[in-house]
Enquirer: 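Take a look at this one; I'll ask things after.
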Amino acid sequence: MARVIVVQIIRSLRIAAPLMMKMILMTVMAATGVVAVAVKVVVVVVAVAVKVLVVAAVAVMVAVALAMVVVAGAVVLAGVPVQSEHTGDLNSKFKFVRFPPPLPPAGGRANRFGFVNPGLHHPQLPAMDDANTWASLPVDLLVEILRRLDTTDTTVVAFAGTCKPWRRAIIANVSSLKLHPDRFNPNLLLGFFHRQWLAGRHLPRLQHVPGPFDKMLSPDVAADTMASMAVDAKLYDEPLSSRDGFVLVGGSAAGGLFLCNPLAGTCRFIPSPVIGASRPCRFVLVTDHDEPPTATYAGGVRILAQIFSSNSGEWGPVRRSTVGDDHRFRFFLCDGDKDVVVCRSSVVYWLVTLVAHYGHDMRGRRCVLAVDVNDERAWMERVELPETIMEMGSGVVSDSMLALATTEDGRLSLVSQLPGQPLQVWELGGGGEWTLRRRIDVPEEVMIPSNCFLNVGHAHVHISGFCPRSGCLFGDVEGEDILIDVERGVVRRTRRYGVGRVTKYPYEMDWPTYISKMKYF
Amino acid sequence: MEVDKGKGEAEETRKVAEADRDTVTLKSSDGKLFEVSKEAAARLSTVLAGMIAGGSIDDNGTDLKQIGSEALENVVDYCNKHANSIPSAALISSSISFNTAPFKEPEEWERKFVDRLSHDALFDLVEAANFLGMERLLDVTCHKISEMMKGKSPDQIREVFNIKNDYTKEELEEIRQELAWAFYDD
């Protein structure tokens with residue numbers, strides 16, 4: 001009985017969540033001609049709110065003479081201070097956080113201040129204030145404490161394991177806690193969204209990755225989520241980006257985009273970006289865990305950006321920021337999911353190719369451009385790649401040999417892959433220097449796909465992208481999907497085939513969702 | 001003995017309070033009187049600030065029936081130590097929007113202040129701070145609590161805080177799996 005009530009409450013919280021969500025979409029336009037790169041940025045701030053997540057989407061389109069990037073972001077907002085049921089003139093001045101009482105209020109136990117706290121009554125526990133003071137804290141105070149704790153996701157899970165009152169308070173108030181992801185967890189990876197032709201039409205399909213939540217979501221979960229919005233979901237057939245439980249879906253015939261959270265069962269319409277309206281775009285979502293904006297840094301490019309806020313529901317104006325021109329090079333934005341990552345919750349890094357515009361050195365040099373979506377001035381940074389990588393193969397490094405990733409503490413890392421050698425994981429230090437952190441050997445059994453009867457001597461690891469929460473690079477060896485755990489150096493096959501080398505977007509559960517789904521004992 | 005001494009001191013300070021109205025006198029649940037600077041009280045406690053502004057301060061000792069003398073002593077001690085250390089604007093803003101004003105690390109004296117407290121005293125102080133709307137003191141005490149919890153297993157946290165394990169065997173088994181999942185220990 002109690003559990004049913006709780007489920008309903010959690011559901012209603014989830015439905016309320018998108019209303020309190022700030023979403024930023026930023027369009028970045030990069031010209032590959034003499035004019036370098038342009039980005040336009042607008043951040044629209046939410047009315048009520050406590051920011052927990054920022055989701056931003058970035059779209060890239062390389063045309064003949066123009067490259068276009070769209071970045072989108074959203075902030076999911078958490079708890080809103082709500083007056084509790086407590087009475088008393090002193091107490092009425094306090095700030096309380098909503099806590100849905102998990103049990104009927106009848107017979108609530110008076111706490112030490114003499115106020116009846118309906119949320120903490122549990123019949124199996126007799127009053128034992130002296131022996132059990134911490135567990136008997138009033139829920140509002142417990143939430144005050146939890147919200148102040150500098151907690152990481154895993155610590156919160158440990159708290160929830162201590163006693164039922166704490167567990168209930170955590171599960172019911174997870175959205176108002178400030179959680180910091182502190183480590184990669186491959187369990188968070190639920191699958192990959194991709195566009196699939198099925199039964200005469202295209203669909204955004206979720207391909208599961210074997211794991212604890214293998215069958216939690218149906219493959220058609222994105223379409224189902226959109227269908228609940230009473231829209232013609234058939235038009236929205238193409239996943240464009242995903243992050244922290246969100247997936248951005250569009251379609252060539254569709255007007256606008258949908259930002260879905262299939263885990264929460266929510267969905268939100270987003271109009272098409274101004275810049276991307278006439279051309280196909282590629283998007284990347286960015287989430288922000290309430291990190292302060294990093295210092296502004298001037299790079300050698302010009303940026304145009306546009307940010308969409310789901311709170312205002314419209315795209316902001318195009319912002320142009322000139323951070324210095326460098327006419328010696330042209331920038332080419334590499335096209336591929338492995339070339340874009342988000343660090344420290346708000347900085348988007350792109351792997352780009354620099355081609356000297358003048359002179360005869362026409363070898364492509366790689367560098368990394370960075371844009372902080374928190375910073376309205378839309379700064380961009382150029383990070384040179386390790387010299388040793390640049391020099392490999394006489395400077396001829398193909399795009400497929402490099403992929404971007406992040407470290408557990410949110411710094412940029414770079415994975416290089418040369419034929420016949422272990423993967424190399426480089427990390428970017430605070431001073432802009434690259435350090436080789438580890439080498440990852442791809443085991444022979446991975447290199448020999450199970451569907452191959454012959455030992456293909458030249459089997460090649462193809463990296464498609466990076467899963468930011470699980471810390472895995474994903475890709476394939478001769479069509480068979482693999483996951484490379486960058487932090488632990490483990491390569492494993494997912495034993496899945498089927499969709500081939502289409503663009504895939506890793507779908508990962510976010511921690512607040514996981515915690516809110518924990519059993520409510 | 002101690003009670004008498006406390007009363008004696010409070011009596012004296014109360015007279016001083018009446019003379020120059022720079023202080024307020026607070027009375028704990030067990031009748032002890034404590035003196036605290038009006039400015040510090042108003043700056044650190046939203047509730048006391050409201051009472052001072054509203055004129056509901058009793059010169060003979062404002063009753064705080066919900067706070068025991070030990071906790072109130074710590075509160076007053078904290079206010080006195082805190083006097084003149086933080087500009088009020090910063091505190092006011094942090095008390096209004098806890099999420100826009102990032103928590104500042106406790107200062108050295110604040111750390112020492114909470115470190116010397118027993119668990120029971122810390123518990124009472126958290127409740128008192130919450131009751132009086134003392135944002136900064138809540139921050140500092142919660143920071144201490146968070147340090148006590150960090151990196152601990154549920155068993156260890158229960159031990160530290162003397163919390164009874166109210167889970168059944170089956171529930172504990174599910175929690176064990178949940179932790180294995182979250183920490184991804186293979």
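Numbers restart at 1 for each chain; the letters A, B, ... are given by sequence-line order, proteins then strands.
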Enquirer: From A/T155 OG1 over to B/F183 CZ, what is the distance, rounded to the nearest 0.5 angstrom?
Expert: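 One gets 6.0 Å once the value is rounded to the nearest 0.5 Å.
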
Enquirer: For the atom pair OH (B/Y184) and CD (A/E487), what is the distance rounded to the nearest 0.5 Å?
Expert: 12.5 Å

Enquirer: If the threshold is 4.0 Å, N to carboxylate O, is there a salt bridge linking A/R167 and B/E178?
Expert: yes

Enquirer: Which bit of A/I515 is near chain B, if near means a heavy-atom gap under 4.5 Å: side chain, backbone, both or neither?
Expert: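 For A/I515, no heavy atom lies under 4.5 Å from chain B.
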
Enquirer: Considering all heavy atoms of both residues, which atom of A/G161 and which atom of B/R158 are nearest to each other, and what is their separation?
Expert: O-NH2, 2.7 Å

Enquirer: Against chain B, work out which of A/N187, A/T154, A/I145 has the most heavy-atom pairs shorter than 4.5 Å and name it.
Expert: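 Top option by heavy-atom pairs under 4.5 Å: A/N187.
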
Enquirer: Taking all non-hydrogen atoms of both residues into account, name the closest pair between B/P154 and A/A158 and its distance.
Expert: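 That closest heavy-atom pairing would be CG-O, 3.4 Å.
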
Enquirer: Looking at A/F521 and B/E174, what are the two nearest heavy atoms and their distance?
Expert: CZ-CB, 3.9 Å

Enquirer: Which bit of B/K152 comes within less than 4.5 Å of chain A, counting heavy atoms only: side chain, backbone, both or neither?
Expert: backbone

Enquirer: Any side-chain heavy atom of B/F161 sitting closer than 4.5 Å to one from A/T162?
Expert: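 Not in contact.
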
Enquirer: Do A/P165 and B/I163 have side-chain heavy atoms sitting under 4.5 Å apart?
Expert: no

Enquirer: What pair of heavy atoms forms the shortest contact from B/W181 to A/N185, and how long is it?
Expert: O-ND2, 2.9 Å

Enquirer: Check whether any side-chain heavy atom of B/L138 sits under 4.5 Å from a side-chain heavy atom of A/L141, and report yes or no.
Expert: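 In contact.
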
